[in-house]
Amino acid sequence: MARLTQQNLFGDTPPQGELFAATPTPAYAPDLDKVRRRLERILAEARAAEPLCADFEEHSLYCAAFPSLLRLLPDAEAAQYRLDFEAELQRLAVAA
């Protein structure tokens with residue numbers, strides 16, 4: 001029995017696996033100045049907050065966002081921001 005072979009209609013083409021080769025994912029580098037400005041703005045709002053008028057939703061948002069932003073900074077700098085933020089949270093909690 002004779003074997004039938006299919007002719008390559010496209011000539012010498014590379015294997016399709018090369019079409020889907022992994023491309024390197026560009027590294028994400030956050031703008032640390034923007035992160036610092038955001039942290040400073042949050043701290044300023046916390047410092048200006050009146051204990052009896054502290055907005056619970058805003059408080060919850062900041063308590064969630066602040067640690068995420070801190071992870072982007074060098075450890076020593078993040079530690080200082082963390083101390084400042086926790087001091088403001090304590091001030092608001094004690095007075096409430």
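We count residues from 1, following the sequence as given. The figures that follow rest on heavy atoms only: side chains count, while hydrogens, waters and symmetry mates do not.
Under 4.0 Å is where a charged nitrogen must lie from a carboxylate oxygen, and between Arg37 and Glu40 no such pair does.
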Please table the atom pairs, donor to acceptor, closer than 3.5 Å between any side-chain atom in residues 70-80 and protein atoms at least two apart or in another chain.
| from | atom 1 | to | atom 2 | distance (Å) |
| --- | --- | --- | --- | --- |
| Arg71 | NH2 | Ser68 | OG | 3.3 |
| Glu77 | OE1 | Arg36 | NE | 3.4 |
| Glu77 | OE1 | Arg36 | NH2 | 3.0 |
| Glu77 | OE2 | Arg36 | NE | 2.5 |
| Gln80 | NE2 | Asp84 | OD1 | 3.1 |

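Here ring-ring contact (aromatic ring centres under 6.0 Å, His included) pairs that include residues 68-93, with residues two or more places apart or in two chains, are Phe66-Phe85.
Arg91 approaches Arg47 most closely through the heavy-atom pair NH2-O, 3.3 Å.
Under the 4.5 Å side-chain criterion, counting only non-hydrogen atoms from C-beta, Leu89 is in contact with Cys63.
Between Leu69 atom CG and Arg82 atom CZ the span is 11.5 Å, to the nearest 0.5 Å.
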